[in-house]
Each structure stands twice: as structure tokens, then as C-alpha cells.
Amino acid sequence: MTHQQLWAAYRAANPDAGDEYEAWAYGADPDGLAELTRAGIKTATASAGPLYALEGEPLPRAGEYNVILNSRDEAVCVTRTTRVYTVPFDQVSAGQAWREGEGDRSLEYWRRVHEDFFRAELAEAGLVFTPDMPVVCEEFEVVYRG
């Protein structure tokens, strides 16, 4: 199913949702993370703050809708952002790590895999990872499953 088809199905059941949504896939393990989201295990995500400014992108906002895609650009589910906040990488909480639902859900696991991911992502953009780098933390709920 395409993101347009899934959004149309969601809108048919929820006409007050409006017309605005973003469709995207997770950068690391799009299939596994999309399935964790669809199952309701993954209820948060994090991204490298410096990339928003570099790319001129606005930060996510509470109330926004997202259609989560897998690696084949197939729509998996619709989420609604419930909270967005920015903290330094070394101050991301164990609660955020748990909500992200990855690995053993520990902060140690989160820091290890996210530091590796952020280092590579930032290097690609000509930037350098630092432990006090701002991380944009986003919490969400699944509102529709494809």
C-alpha cells in the first residue's frame, strides 16, 4: 500500500485529521523499526539536531502525522506526534531509550547504536559528532495500522 492510500484510509475513518502528513522511513533498519512501530513497541525516535539547521528543516511538532514506510516504500502505519524536545546526546534518558524499543531497550544499547549512527550521518554531512550534540527526541502514538 502506498502512503497516499494508507493516509486516505485513515482520513476516511478520521476526517478531522486534516490533509497534512509526512511519509518517511527510518534511516537505520527501516523494516525492523517500522514493524516495532506498527506493533506499538517503538513509541519514540531521535534524530541529530544539527542536521535540521543544515538542511533548513523545521523540527517536528506535537500533533503532526507521519506515515511510516518500510524499505520498499510501503506504508506500514500512521503515527501522531505527542511530544518533541531537544536534549544533549549525553543527557538522553533511559525512558527515551526504552520508548524507542530497540535492542534490549537499555540506555547503554541506545547510546552505542545511536552514537555509531549519528557519527556516520553527521560525517556524511561534513559535521562531527560530540557528546553534547543536540538530539531531537520525538514521542508518538500509532493511530492507524495498514
Side-chain angles (χ1 to χ4, degrees), residues 1-11 14 17-18 20-131 133-146:
M1 178 179 300
T2 67
H3 66 86
Q4 296 95 334
Q5 291 168 323
L6 186 63
W7 183 251
Y10 176 68
R11 283 285 316 278
N14 301 279
E20 300 289 321
Y21 73 94
E22 294 288 326
W24 51 271
Y26 292 103
D29 187 20
D31 295 332
L33 298 179
E35 280 308 311
L36 286 174
T37 301
R38 178 176 160 63
I41 296 167
K42 181 173 183 60
T43 60
T45 194
S47 49
L51 295 179
Y52 285 93
L54 183 70
E55 297 168 2
E57 290 289 324
L59 294 179
R61 292 185 333 255
E64 292 179 332
Y65 291 94
N66 296 283
V67 175
I68 306 302
L69 307 173
N70 64 21
S71 64
R72 296 171 301 286
D73 285 335
E74 297 166 336
V76 174
C77 62
V78 177
T79 66
R80 183 178 165 279
T81 303
T82 57
R83 181 178 179 216
V84 178
Y85 60 97
T86 302
V87 296
F89 177 86
D90 59 6
Q91 292 179 31
V92 168
S93 71
Q96 175 70 19
W98 178 263
R99 286 185 292 278
E100 289 203 30
E102 301 169 38
D104 66 3
R105 302 178 85 172
S106 70
L107 181 56
E108 294 76 21
Y109 177 88
W110 186 94
R111 283 188 175 151
R112 186 174 68 253
V113 299
H114 282 78
E115 181 174 339
D116 291 345
F117 179 75
F118 290 155
R119 279 187 185 280
E121 189 178 41
L122 291 166
E124 210 173 277
L127 301 173
V128 177
F129 171 86
T130 61
M133 172 197 83
V135 173
V136 178
C137 299
E138 183 176 349
E139 297 176 17
F140 52 82
E141 60 185 349
V142 175
V143 294
Y144 195 79
R145 289 170 175 82

In sequence, state the C-alpha distance, the side-chain angles, and the governing distance for Val136 and Leu51, and then conclude on side chain to side chain contact (heavy atoms under 4.5 Å, CB included). CA-CA 10 Å; Val136 178; Leu51 295 179; over 6 Å; no
Looking at Val87 and Cys137, what are the two nearest heavy atoms and their distance? CG2-SG, 4.1 Å
Side-chain heavy atoms of Ile68 within contact of Arg38, under 4.5 Å: no
First locate atom CZ of Arg11, then atom CD of Gln4, and finally report the distance between them rounded to the nearest 0.5 Å. 14.0 Å
Which of Val78, Val84, Thr37 passes side chain to side chain contact (heavy atoms under 4.5 Å, CB included) with Phe140? It is Thr37
For the student: nearest non-hydrogen atoms of Glu100 and His114, plus distance: OE1-NE2, 3.2 Å
Taking all non-hydrogen atoms of both residues, which atom of Ala9 and which atom of Tyr144 are closest, and how far apart? CB-OH, 3.4 Å
Using distance alone, with no hydrogens and no angle criterion, decide if Glu102 and Tyr26 have a side-chain donor and acceptor under 3.5 Å apart. no
Would a distance-only check, ignoring hydrogens and angles, find a side-chain to backbone donor-acceptor pair under 3.5 Å from Asn14 to Ala17? no
CG on Asp73 to CH2 on Trp24, rounded to 0.5 Å: 13.5 Å
What distance separates Asn66 CG from Cys77 SG, expressed to the nearest 0.5 Å? 9.5 Å
Assert yes or no for the condition that the ring centre distance of Phe89 to Trp110 is strictly below 6.0 Å. yes
Spacing of Arg105 atom CZ and Arg99 atom CZ [to the nearest 0.5 Å]: 10.0 Å
Nearest heavy-atom neighbours spanning Leu122 and Pro50: CD2-CB, 4.3 Å
Which heavy atom in Thr86 sits nearest to a heavy atom in Pro134, and how many Å separate them? CG2-CB, 3.6 Å
Mind checking whether Val76 and Glu35 have side chains closer than 4.5 Å, heavy atoms only? yes
Would one find more than 12 heavy atoms of other residues, nucleotides or ligands at under 6.0 Å from atom CD of Glu20? no
Is atom CD of Glu141 surrounded by more than 12 heavy atoms (other residues, nucleotides or ligands) closer than 6.0 Å? yes
Verdict with reasoning, Tyr65 to Tyr10, per ring-ring contact (aromatic ring centres under 6.0 Å, His included): CA-CA 11 Å; Tyr65 291 94; Tyr10 176 68; 5.7 Å; yes
Please step through salt bridge (charged side-chain N to carboxylate O under 4.0 Å, His left out) for the pair Asp31 and Arg72, ending with a clear verdict. CA-CA 9 Å; Asp31 295 332; Arg72 296 171 301 286; 3.6 Å; yes
So do the side chains of Pro131 and Pro88 get within less than 4.5 Å of each other, counting heavy atoms only? no
Mind listing the closest non-hydrogen atom pair of Tyr52 and Ser47 along with its distance? OH-OG, 2.9 Å
Taken in chain and number order and not counting sequence neighbours, the residues that satisfy side-chain hydrogen bond (donor to acceptor under 3.5 Å, both in side chains) with Ser93 are none
In the structure I gave you, are the side-chain heavy atoms of Val92 and Arg111 within less than 4.5 Å of one another anywhere? no
Does the side chain of Arg61 reach to within under 4.5 Å of the side chain of Leu59, using non-hydrogen atoms? no
Could you grab the distance from atom CD of Gln96 to atom CD of Glu139, nearest 0.5 Å is fine? 6.0 Å
Backbone N or O of Val142 within a donor-acceptor pair of the Arg80 side chain at under 3.5 Å? no
Val113 versus Tyr109: any side-chain heavy-atom pair under 4.5 Å? yes
Results of side-chain hydrogen bond (donor to acceptor under 3.5 Å, both in side chains) for Gln5 - residues two or more places apart only: Thr2
Should Arg119 and Glu115 count as an ion pair when the cut-off is N to O under 4.0 Å? yes
Interatomic spacing from OG1 in Thr43 to CG in Leu36 - rounded to 0.5 Å: 10.5 Å
Are Arg83 and Glu138 close enough for a salt bridge, meaning some N to O gap below 4.0 Å? no
